[in-house]
Structure formats: structure tokens, C-alpha cells
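Following this message is one structure expressed as C-alpha cells.
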There are 2 protein chains.
Amino acid sequence: MNDHDRIAVAVDVVICMLQNEALTVLLIKRSDQDRWAIPGGIIGVGESLQSAAVRILEEETGMADVYVEQLYTFGEPDRDQRKRVVSVVYYALIPAQQIELKAGSGTDGAAWFNVDELPRLAFDHNEILDYALTRIRNKLEYTDVGFQLLPEEFTLTELQTAYEIVLGEHLDKRNFRRKILQANILHETGGMRTGEGRPAKLYRYRDGAFVEVKARRLFP
Amino acid sequence: MNDHDRIAVAVDVVICMLQNEALTVLLIKRSDQDRWAIPGGIIGVGESLQSAAVRILEEETGMADVYVEQLYTFGEPDRDQRKRVVSVVYYALIPAQQIELKAGSGTDGAAWFNVDELPRLAFDHNEILDYALTRIRNKLEYTDVGFQLLPEEFTLTELQTAYEIVLGEHLDKRNFRRKILQANILHETGGMRTGEGRPAKLYRYRDGAFVEVKARRLFP
DNA sequence: TATATTTCGTGTTGATCAGACACTTATATG
DNA sequence: CATATAAGTGTCTGATCAACACGAAATATA
């Protein structure tokens with residue numbers, strides 16, 4: 001087997017954030033490609049897969065301390081015409097906020113796309129995003145991923161809206177609040193969010209709460 | 001980066017089967033290693049990850065047409081002292097039966113181990129097996145993986161026993177039967193299994209049934 | 001061949017949970 | 001001060017889950 005035949009290992013990261021009442025994903029355009037793509041890179045020697053994902057995330061967004069989880073590994077022989085690449089794909093959920101995008105090296109630019117209005121992407125990246133969204137929607141129902149999309153403090157309405165955006169369906173206000181509060185995974189910070197209308201209590205996620213709640217589905 | 005630094009891509013396969021009222025996993029011992037290990041191999045050029053998993057499974061057991069699914073990719077830099085290996089791990093569930101183990105090339109032998117009585121394995125393979133078992137137990141509750149561990153025709157008691165072995169807990173007979181039958185994923189073959197005691201009806205899994213049942217948990 | 005043993009197969013009840021549904025309260029704004 | 005906006009709150013009904021015991025059908029044995 002000559003060097004040309006060797007298989008390259010890449011790490012790609014699906015970076016998701018809530019913006020303008022929509023779930024968005026960060027895509028980049030490389031100088032040598034005419035389609036948008038999921039950001040990624042070659043793994044460094046001595047670097048773990050997870051570290052590589054965190055590094056790529058940091059290079060694109062400048063953010064650290066973010067929820068990152070392995071999604072799936074894509075390795076069809078023909079997924080990249082140029083050479084054989086096995087991509088270990090991670091996904092990251094970052095709290096809603098304003099982010100200054102850093103143009104990574106070798107890229108023409110980066111932009112956030114509404115996940116419901118994606119263009120045709122490079123390689124098998126549309127397939128990867130489909131898979132990522134399915135995973136996130138599923139995990140929303142029985143893990144704490146929903147909280148990762150919000151800042152530390154949030155109102156129950158903001159939390160419900162986040163769930164509605166990701167799931168793409170309306171949820172009943174009273175049932176939602178009852179279930180979340182009964183699950184005992186939030187605590188009131190004491191602060192209030194003011195604005196037009198009645199002020200709302202602020203909550204914070206009880207970190208590690210899902211270790212206790214575990215197998216219990218939030219929305220069965 | 002010289003060739004020595006390059007990263008190798010391996011595919012490992014956790015092969016599980018029911019035997020003697022226990023869930024067992026197939027392990028091999030390589031001539032150059034003193035510990036048992038999960039069977040695996042280097043991926044061929046032009047071979048997809050899934051194909052490699054199926055090939056490895058066939059090499060070890062002689063079986064084709066088996067349930068195979070990707071589990072997780074393990075790639076810590078120090079997981080193999082000799083060189084950097086990224087392992088894409090699959091798991092396979094094969095129907096209970098007698099299997100003639102083929103000694104794969106370069107192996108000292110292969111054997112089935114009860115998953116509750118595993119020795120200390122090579123590399124990070126204990127960790128991988130823990131992860132695989134957790135996944136299988138979870139999927140048992142909301143997918144059709146349970147049926148993959150049984151032959152085509154089975155009695156309800158055999159199915160319940162399979163669930164009990166994998167989950168490691170006792171299930172109520174009447175509740176189990178009611179839930180399985182109401183889920184409408186089995187049909188009676190008309191045949192009966194005879195033996196000591198009253199004969200039992202034989203059932204067959206309605207293939208593709210979980211496409212319909214989908215999100216519905218069998219054991220919430 | 002009668003009896004014992006083994007395994008299959010079956011329903012009900014009470015408790016818990018999910019889903020549908022509408023009005024009052026607190027603040028900001030004009 | 002009146003109006004608009006969003007927050008916050010409870011009940012009832014139907015569905016689902018968990019707990020629970022015995023009769024039926026066959027084989028094995030005395």
C-alpha cells in the first residue's frame with residue numbers, strides 16, 4: 001500500500017446555536033470548494049478526537065467550555081473524490097449569543113444557516129446534518145441538551161421556545177412548565193427578566209441533575 | 001509528518017450472542033498479545049466501515065446477514081502503545097445458535113465470554129465493552145435489537161428471557177406479553193414449540209415493524 | 001394408566017402520567 | 001389611567017404502568 005492509498009482521519013464539528021427563533025448551524029466555504037461545508041480538520045498527532053473537535057470549535061467561534069459530543073463516523077470510500085477520508089463527526093451546542101466569527105485559515109468565509117433552509121453542501125454533509133438534527137431532537141427528550149442552547153440564566157418561556165424550535169412543534173405551556181419543574185432540574189436564581197408584559201422568573205440549570213433523573217424521559 | 005506518525009484506522013466488532021442463559025461476547029487472543037481483545041482489523045482501501053465490520057464478523061464466525069451497527073469511535077492517543085490507532089467500533093448481535101469458531105489469522109484462539117465475567121482486556125477494550133452493553137440495553141427498550149438475539153421463530157417466554165438476560169432484571173410475565181403483543185410487531189407462525197410442559201406458540205418478528213412503531217418505547 | 005410436574009397462557013385493579021383546556025396577574029407603554 | 005403584552009397557574013379525563021394468582025395442556029414418572 002503506497003502513501004497515496006492511506007486513509008486520512010478528519011474531525012468535523014456540527015456547530016449549532018439558536019438565533020432569531022431558528023436553529024442555525026455554522027458552515028464554512030473553503031477557497032478550493034464551491035459548496036458550503038461543515039467545519040473540520042485533520043487530527044493532530046497526540047491529539048484526542050474530542051480535543052480536535054474542541055480545537056476546531058475554538059478556531060471557528062473563539063468559544064471554549066461548550067457542550068461537545070461525538071455523533072457518528074462517516075467513512076464511505078467515495079465520500080470525498082480526492083482521497084479516502086474517514087470523518088469522525090462531533091456536534092456542539094452553544095448558548096444563544098452574539099458571536100464574532102473568525103475566518104479560519106484557508107476559508108472564504110463562514111456563516112450561520114437556518115437548519116430548515118440549507119443549500120446543497122459539499123461531500124456527504126447534508127446527510128451528516130440530517131443525522132445530527134435527528135440525534136439532537138431525540139436527545140432533547142431525555143437529556144439535558146436543551147439547556148446547552150440557552151445562556152446560564154433563562155426564563156421558562158425561553159426554555160420552552162428553545163424546545164419548540166428544535167422539535168419544530170408547539171408545546172402546551174402549562175404541561176411544559178409542570179413537567180420541567182416536577183423534574184426538579186432547575187432552580188430559581190431569584191432574579192427576574194423584565195420587559196413588555198409581566199416580568200418572568202429566571203432559572204438556572206442544576207448541573208449534573210440528569211445524573212439523578214437519568215432514564216426518565218422528559219417528553220415521553 | 002513522517003509515515004511513522006500517521007494514524008491508522010481500525011474497525012473493531014463487538015460480537016454478542018445469547019448462550020446458556022447469559023449474554024456472551026466473542027474475544028480473541030492474538031499471538032503477540034497476552035490479553036484477550038475485541039476482534040478487529042485494518043480497513044481495506046475501497047472498503048466502507050460497515051463492510052469492514054461485516055467482513056470481520058464473517059472471518060470470525062462465518063456468519064453473514066447479521067445485525068451490525070456502529071457504536072462509537074475510540075481514538076485516544078495512548079490507547080495503543082505501539083502506534084496511533086483510531087478504532088471505529090461496531091457491534092453485532094447474532095441469533096442464539098451453535099457456532100463453529102474459525103481461528104482468524106494471527107490469533108491464538110477465540111472464545112465466548114459471559115459479559116458479567118470479563119477478564120482484563122487489551123487496550124481500552126473493557127471500556128469499549130461497557131459502552132457497548134450500555135448501548136444495547138438502552139436500545140433494547142425502544143428498538144428491535146432484542147429480536148436479533150433470537151432465531152427467526154421463538155416463543156414469548158424465550159423472548160422474555162432474552163430481555164431479562166440483557167437487562168439483568170426480572171420482568172413480569174403478563175405485563176411483558178401484553179406490551180409485546182399490543183405493540184403489534186409479532187405474528188404467530190402457527191407452529192408450536194413442544195417439550196416438557198404445555199406447548200408454546202411460536203412467533204416471528206414482523207420485519208420493519210419498528211418503522212411504524214418508531215418513537216414508541218416498549219418499556220418506558 | 002393414574003398422578004405429579006412443568007410450562008404456557010390469561011384479566012383486573014389501583015396508581016401514575018399525559019394531554020387538553022382559559023383566566024388572572026404584573027409590568028411597560030401610550 | 002387605559003391598554004397591551006407576556007407570565008403564571010389547576011383540573012379533569014383518558015391512557016398507561018405495575019402488581020398480582022390461577023387454570024390449562026402437555027410430558028415425566030410411579
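Here is how names work: the chains are called A, B, and so on, in the same order as the sequence lines, proteins then strands, and each is numbered from 1.
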Between B:Arg177 and B:Thr157 the two heavy atoms that sit nearest each other are NH1-OG1, 3.7 Å

Both A:Arg177 and B:Gly197 contact DNA chain D. Taking the nearest nucleotide for each, which residue is further toward the 5' end?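 So the residue in question is A:Arg177.
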
Regarding B:Thr157, tell me which of base, sugar-phosphate or nothing describes its non-hydrogen contacts under 4.0 Å with the strands shown. sugar-phosphate

Can you tell me the distance, in whole Å, between the CZ atom of A:Arg178 and the P atom of C:dA18?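 Atom CZ in A:Arg178 sits about 8 Å away from atom P in C:dA18.
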
With nearest nucleotide decided by heavy atoms, which residue, B:Glu196 or B:Leu202, maps closer to the 5′ end of DNA chain C? B:Glu196

In this structure, how many angstroms lie between the P atom of C:dC8 and the NZ atom of B:Lys201, rounded? 13 Å

Hey, what's the ring geometry for B:Phe113 with B:Trp36, parallel, tilted or perpendicular (30° and 60° as the breaks)?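 The arrangement is perpendicular - the two ring planes meet at more than 60°.
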
Give one of base, sugar-phosphate or nothing for B:Lys173, where a contact means two heavy atoms less than 4.0 Å apart. base

Length of the CD-C1' vector between B:Glu188 and C:dC8, whole Å: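 The distance from CD of B:Glu188 to C1' of C:dC8 comes to 13 Å, rounded to the nearest Å.
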
What is the distance from CD1 of A:Ile180 to P of D:dT9, rounded to the nearest Å?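 A:Ile180 atom CD1 is separated from D:dT9 atom P by 15 Å.
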
Could you pick out which residue, A:Met192 or A:Arg174, lies toward the 5' side of DNA chain C when each is mapped onto its nearest nucleotide? A:Arg174

Quickly work out the A:Asp172 CG to D:dG8 P distance and round it to whole Å.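 Rounded to the whole Å, the gap is 15 Å.
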
Give the rounded distance in Å between these two atoms: CZ of B:Arg193 and P of D:dA25. 20 Å

Could you give the CZ-to-C1' distance, from B:Arg198 to C:dA4, as a whole number of Å?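 Atom CZ in B:Arg198 sits about 18 Å away from atom C1' in C:dA4.
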
Partners of A:Gln19 by side chain to side chain donor-acceptor pair (under 3.5 Å), sequence neighbours excluded? A:Thr24

A:Glu153, CD atom: more than 12 neighbouring heavy atoms under 6.0 Å: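 Count over threshold, so yes.
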
Roughly how many Å is it from CG in B:Asn175 to C1' in C:dT10, rounded to a whole number? 12 Å

